[in-house]
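It should be emphasised that the depicted structure is a prediction, and the values quoted were computed from it without experimental measurement.
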Amino acid sequence: MSLQQTIKDSIKDALKSGDSVRLTVVRGLSTAFMNELVATGRTPQSELSDEEVITVITREAKRRKDSIDQFTSGGRADLAESEQLELKVLQEFLPVLMSQAEIKPYAEAKQSELGITDKSKIGIHIGAVLKELKGRADGGDVKIVCEQLFS
């Protein structure tokens, strides 16, 4: 069963269990999947690949993290807590991200493959590593690892 179908099925489970936070999140994901399909020129009845689904979920998780930061700095702990609960639900559907130690061999290999010797091309290096890892690593962690290679 595809990840998109699993998430659609969890709408029914959330309705039955009365979990309003989970229901809100999975309905929002379902809508985001439909929007992604339309944006890529497909019909809403089509299905996204698991990789595309993870990209959409990652985007939604990033939005929640940004909101948490904004609400926290604005002194709205109540809203930040709500976003934190939604983020926990989103993280259930995401694969476990690689640690910095796991990223380092990929970054070193990509650095030698591209022949990057100075920090001026770090953006190209980070982009190449992120492309290779395709959602299995956090962009911030990749950036830290790449910067450490040049220091």
Side-chain angles (χ1 to χ4, degrees), residues 1-72 79-116 121-150:
M1 180 184 296
S2 72
L3 186 55
Q4 183 175 356
Q5 191 58 47
T6 302
I7 291 170
K8 281 186 179 181
D9 291 346
S10 67
I11 292 174
K12 296 173 198 165
D13 297 338
L15 278 168
K16 289 178 185 175
S17 69
D19 187 345
S20 62
V21 173
R22 177 174 287 282
L23 182 60
T24 300
V25 171
V26 292
R27 279 184 172 165
L29 283 176
S30 183
T31 300
F33 297 153
M34 194 177 318
N35 290 340
E36 184 73 15
L37 286 166
V38 171
T40 57
R42 295 180 272 181
T43 64
Q45 294 77 25
S46 301
E47 197 163 298
L48 296 170
S49 69
D50 282 353
E51 196 172 281
E52 291 171 312
V53 168
I54 289 172
T55 301
V56 171
I57 297 171
T58 303
R59 188 180 318 133
E60 292 297 316
K62 185 175 184 323
R63 285 183 186 154
R64 297 312 189 287
K65 288 175 187 175
D66 290 344
S67 295
I68 291 168
D69 291 342
Q70 293 293 320
F71 290 141
T72 303
L79 295 175
E81 184 179 333
S82 168
E83 293 289 322
Q84 188 68 41
L85 293 172
E86 290 183 11
L87 180 60
K88 284 182 184 177
V89 174
L90 288 170
Q91 288 173 335
E92 291 175 21
F93 298 111
L94 289 171
V96 177
L97 296 177
M98 298 171 74
S99 69
Q100 289 182 9
E102 293 170 319
I103 296 168
K104 190 172 183 176
Y106 290 98
E108 290 170 341
K110 196 53 81 173
Q111 181 182 10
S112 63
E113 179 185 322
L114 296 173
I116 297 174
K121 297 190 183 195
I122 195 166
I124 295 168
H125 185 219
I126 293 170
V129 174
L130 283 172
K131 187 174 182 180
E132 183 174 328
L133 297 179
K134 290 183 186 156
R136 295 183 294 160
D138 180 63
D141 287 340
V142 170
K143 181 181 178 196
I144 290 168
V145 169
C146 290
E147 287 175 345
Q148 287 173 351
L149 293 176
F150 293 107

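- No donor-acceptor contact under 3.5 angstrom links the side chains of Gln5 and Ser2, judged on distance only.
- Using a 4.5 Å cut-off on side-chain heavy atoms (C-beta onward), Asn35 and Val56 make no contact.
- Looking at Glu102, its side chain does come within 3.5 Å of a backbone N or O of Ser99 through a donor-acceptor pair.
- Side chains of Ser82 and Leu79 form no contact here, defined as non-hydrogen atoms less than 4.5 Å apart.
- The existence of a salt bridge linking Arg59 and Glu36 is confirmed by a sub-4.0 Å separation between a basic side-chain nitrogen and an acidic carboxylate oxygen.
- The side-chain hydrogen bond (donor to acceptor under 3.5 Å, both in side chains) check on Asp141 picks up Gln100, with sequence neighbours excluded.
- Remark: the Thr58 side chain and the Thr55 side chain contain no N/O donor-acceptor pair separated by less than 3.5 Å.
- Asp13 is linked by a salt bridge (charged side-chain N to carboxylate O under 4.0 Å, His left out) to nothing, counting only residues two or more places apart in sequence or in another chain.
- The main-chain N or O of Leu48 is found under 3.5 Å from a side-chain atom of Gln4 such that the two form a donor-acceptor pair.
- The line from CD1 of Ile7 to CZ of Phe93 is 5.0 Å long, rounded to the nearest 0.5 Å.
- When side chains are defined from C-beta on, Ile54 counts as touching Leu94, because their heavy atoms get closer than 4.5 Å.
- In this structure, Glu60 and Ala32 approach most closely via the heavy-atom pair OE2-CB, 4.1 Å.
- Between Lys104 and Leu149, some side-chain heavy-atom pair lies under the 4.5 Å cut-off.
- Considering Ile116, Ile122, Leu130 as possible partners of Cys146, the one that fulfils the side-chain contact (heavy atoms from CB on, under 4.5 Å) test is Ile122.
- Side-chain atoms of Thr72 do not come within 3.5 Å of backbone N or O of Asp69 as any donor-acceptor pair.
- Judged by distance alone, with hydrogens and angles left aside, the side-chain atoms of His125 form a donor-acceptor pair with the main-chain N or O of Ala107 at under 3.5 Å.
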